[in-house]
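Before any comments, here is the structure.
Throughout, a chain's letter reflects where its sequence line sits, starting with A, and its residues are numbered from 1. Hydrogens, waters and symmetry mates play no part in the numbers below; they use all other heavy atoms, side chains included.
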Amino acid sequence: MLRDTTSKVVLFGGIAIILLGAMMPNWIVNQLMFGFSRALAILGLLVLWRTGLVSFGHAFYFGLGAYTVAIVDIQLGVTDVFIRLLGGAMIAGFAGFVIGFIMRNYRDIFFAMLNTAISMVLYGIIVKTESLGSTDGFAISLPTIFGIAPETKYPLFVIITMIAMISALAVNFYLKTTVGRLTTPIRDNEIRVEYLGFSVAHAIHLKYTISAVLAGGAGALMAMSLGQVDPDSMINWTVSGELVFITILSGPGNVIAPFIGSLVFEVLRTYAFELAPQAWQLIVGATFLTIIFFLPGGIWSLIAKLGRKNS
Amino acid sequence: MTRAAPIIEIRDLLKTFGAVVAAKDINIDISRGEIVGIIGANGAGKTCFVNMVTGYLSPTSGSITFEGVELVGKGPREVTHAGISRSFQVSQVFHSMTVAENLRIALAIAENRGVNALRIMESDALEAKCNDVLKRYKLEDYRDMTVSVLSQGIRKLLDIAMAVVSEPRILLLDEPTSGISVEEKFDFMDVVMGALKEDNVTVLFVEHDMEIVERYVSRVLAFYQGEIIADMSPDKALADDKVQEFVIGKRH
Ligand SMILES: Nc1ncnc2c1ncn2[C@@H]1O[C@H](COP(=O)(O)OP(=O)(O)OP(=O)(O)O)[C@@H](O)[C@H]1O
Ligand SMILES: [Mg+2]
């Protein structure tokens with residue numbers, strides 16, 4: 001299971017980042033936490049994108065994961081990082097499984113926008129409901145790890161990095177299974193897939209549920225990293241757009257790509273904002289156009305090219 | 001002479017699209033191992049028949065019993081699982097993948113039903129099977145070529161090869177030789193029928209070329225306006241008045 005190059009890079013790269021993190025300044029550790037948390041959602045979108053499906057509404061699952069953390073914290077006093085994460089991922093996954101019965105019947109723009117519609121409903125409900133924090137959201141207490149409240153952010157960073165590694169390895173494995181390989185075949189010819197004896201609906205349902213679990217986990221980790229949740233930075237349609245943006249920026253080529261893409265995005269946005277607070281979208285947008293024109297395979301295609309040259 | 005129970009029994013099959021009757025009064029039994037040619041003019045209902053047997057269309061009424069199992073109401077996937085495969089009039093393969101990739105995914109799906117689909121696909125056994133199919137269908141030279149650059153003939157071979165990897169007991173081929181040049185037709189059919197003979201598959205194929213029909217089939221079903229107007233051996237069928245008039249189009 002861990003014999004391929006990608007798995008090795010994930011494993012050793014992840015361990016190296018965890019070790020280096022101990023020496024890095026706080027702001028870098030923070031950027032890595034945000035980047036890796038969000039990358040889980042991108043990993044889920046990658047699974048869908050390979051099959052030709054783009055969701056413009058995965059902030060729904062991202063937000064569900066984040067808000068689950070807030071609600072179990074405030075209502076039940078749950079502080080354990082793993083229970084919070086599991087709760088967020090499972091609630092989102094369950095929602096994805098249920099909604100998947102509808103989504104698996106749609107493709108292309110209908111699939112994309114139906115997801116947007118669902119996320120807007122959740123956004124609307126939260127904004128209008130005082131007990132769900134309305135537009136302000138909630139502050140979240142610091143997570144505990146096996147009952148211990150850590151003094152720095154480093155332990156949470158280690159956990160997020162490890163979750164990221166496990167997720168990348170799991171998706172990498174999934175993509176090599178028979179159902180995981182049903183990507184281009186479904187894009188090319190669904191009828192043939194059915195006549196080979198595989199249900200396209202089941203395959204898409206599974207992919208969709210996987211993407212929901214990952215987006216929920218991403219939201220849960222992001223909420224704990226930030227120490228707060230609010231509808232505009234968790235569930236709004238702009239968040240969904242951002243996720244799609246990073247997915248394309250990263251490229252579908254490899255499970256490592258979402259992590260690199262997310263970090264690039266974090267850095268890009270931070271610097272663009274510092275450089276031009278009024279026009280940072282301009283810089284981000286221009287970068288996006290450059291990627292689409294010159295690197296349609298995303299940042300990963302550049303890395304793959306360099307890798308091939310060196311070997 | 002006592003005959004073995006038929007592998008498939010079709011009773012009173014009817015299919016209408018509004019006022020159009022695409023299939024009517026179809027009653028046939030087919031025995032294991034038969035090679036059946038389906039002939040008929042354009043629009044006679046041949047594809048419609050293939051589509052009904054393979055679960056793509058459900059008949060308006062009637063029944064199709066395969067090895068004792070009712071097929072009406074089952075979709076393409078369930079019919080495949082039951083043991084019937086098909087190829088298409090226009091080849092249906094994964095055009096942006098290579099020939100070998102097409103076969104690998106077909107083999108993996110055939111072997112890994114249910115939760116087994118969550119097992120790693122690559123294996124030496126899969127590769128060996130893929131090579132075996134490539135060889136039997138004379139596709140070795142095209143192994144790593146993307147389907148979209150290949151000729152119609154090669155695509156059709158691949159289409160059929162993909163249909164048989166699930167080891168069906170009945171195979172329906174919808175115009176396997178359409179789009180293939182006259183010179184290549186016989187070679188093509190030799191490859192296909194040779195490969196199928198090894199597996200003892202019951203084959204039904206739709207064909208316009210009567211030379212092909214004469215050479216390869218043991219029985220002919222002639223369709224005209226959704227009905228079977230002749231069900232007999234090829235030599236008798238080709239001499240039959242009705243077949244001459246309504247299928248081949250020669251008037252006496
Ligand atoms: N989905 C459909 N809706 C309406 N009519 C249909 C449909 N499918 C087939 N038909 C009609 O049913 C009849 C039989 O069509 P079918 O495709 O089976 O013919 P065919 O014998 O395969 O002809 P060809 O040699 O041209 O392939 C035709 O009159 C056709 O117009
Ligand atoms: Mg036809």
If you draw a 6.0 Å radius around [atom1] in [X], do more than 12 non-hydrogen atoms from other residues or ligands fall strictly inside?
| X | atom1 | value |
| --- | --- | --- |
| A/Phe94 | CZ | no |
| B/Asp124 | CG | no |
| A/Met90 | CE | no |
| A/Phe110 | CZ | no |
| A/Met162 | CE | no |
| A/Tyr106 | OH | no |

Under 4.5 Å from a heavy atom of chain A, the part of B/Ser166 involved
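Neither part.
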Quick check on B/His95 against chain A: is it the side chain, the backbone, both or neither that has a heavy atom closer than 4.5 Å?
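B/His95 touches chain A through backbone and side-chain heavy atoms alike.
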Less than 4.5 Å to any heavy atom of chain B: does that hold for the side chain of A/Val200, its backbone, both, or neither?
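Contact with chain B: none, neither part.
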Part of A/Leu175 lying under 4.5 Å from any heavy atom of chain B:
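Contact with chain B: none, neither part.
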Supply the atom-to-atom distance [X] [atom1] to [Y] [atom2], rounded to the nearest 0.5 angstrom.
| X | Y | atom1 | atom2 | value |
| --- | --- | --- | --- | --- |
| A/Leu196 | B/Thr80 | CG | OG1 | 7.5 Å |
| A/Arg181 | B/Ile120 | CZ | CD1 | 8.0 Å |
| A/Tyr195 | B/Arg86 | OH | CZ | 4.5 Å |
| B/Arg104 | A/Thr178 | CZ | OG1 | 12.5 Å |
| B/Leu118 | A/Leu206 | CG | CG | 6.0 Å |

Kindly determine whether A/Asn189 and B/Val93 satisfy side-chain contact (heavy atoms from CB on, under 4.5 Å), including the steps that lead there.
CA-CA 7 Å; A/Asn189 199 326; B/Val93 292; over 6 Å; no
I need the residue from B/Met97, B/Glu101, B/Met121, B/His81 with the largest number of non-hydrogen atom pairs under 4.5 Å to chain A.
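The answer is B/Met121.
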Name the member of B/Asp159, B/Asn112, B/Asn102 that forms the most heavy-atom pairs with chain A at distances under 4.5 Å.
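The answer is B/Asp159.
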Starting from the C-alpha separation in whole Å, work towards a yes-or-no answer on side-chain contact (heavy atoms from CB on, under 4.5 Å) for B/Arg119 and A/Thr177.
CA-CA 5 Å; B/Arg119 291 210 310 226; A/Thr177 62; 5.8 Å; no
Do any of residues 49-79 of chain B come closer than 4.5 Å to chain A, heavy atom to heavy atom, and if so which ones, in number order?
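When heavy atoms of chain A are the reference, residues 49-79 of chain B contributes B/Thr54, B/Gly55, B/Tyr56, B/Pro76, B/Arg77 within the under-4.5 Å range.
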Tell me whether A/Arg192 forms a cation-pi arrangement with B/Phe94, defined as NZ or CZ under 6.0 Å from the six-membered ring centre and within 45 degrees of its axis.
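Cation-pi check for A/Arg192 and B/Phe94: fails.
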Check: A/Thr184 and B/Ile105 side chains under 4.5 Å, non-hydrogen atoms
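Side-chain contact under 4.5 Å: no.
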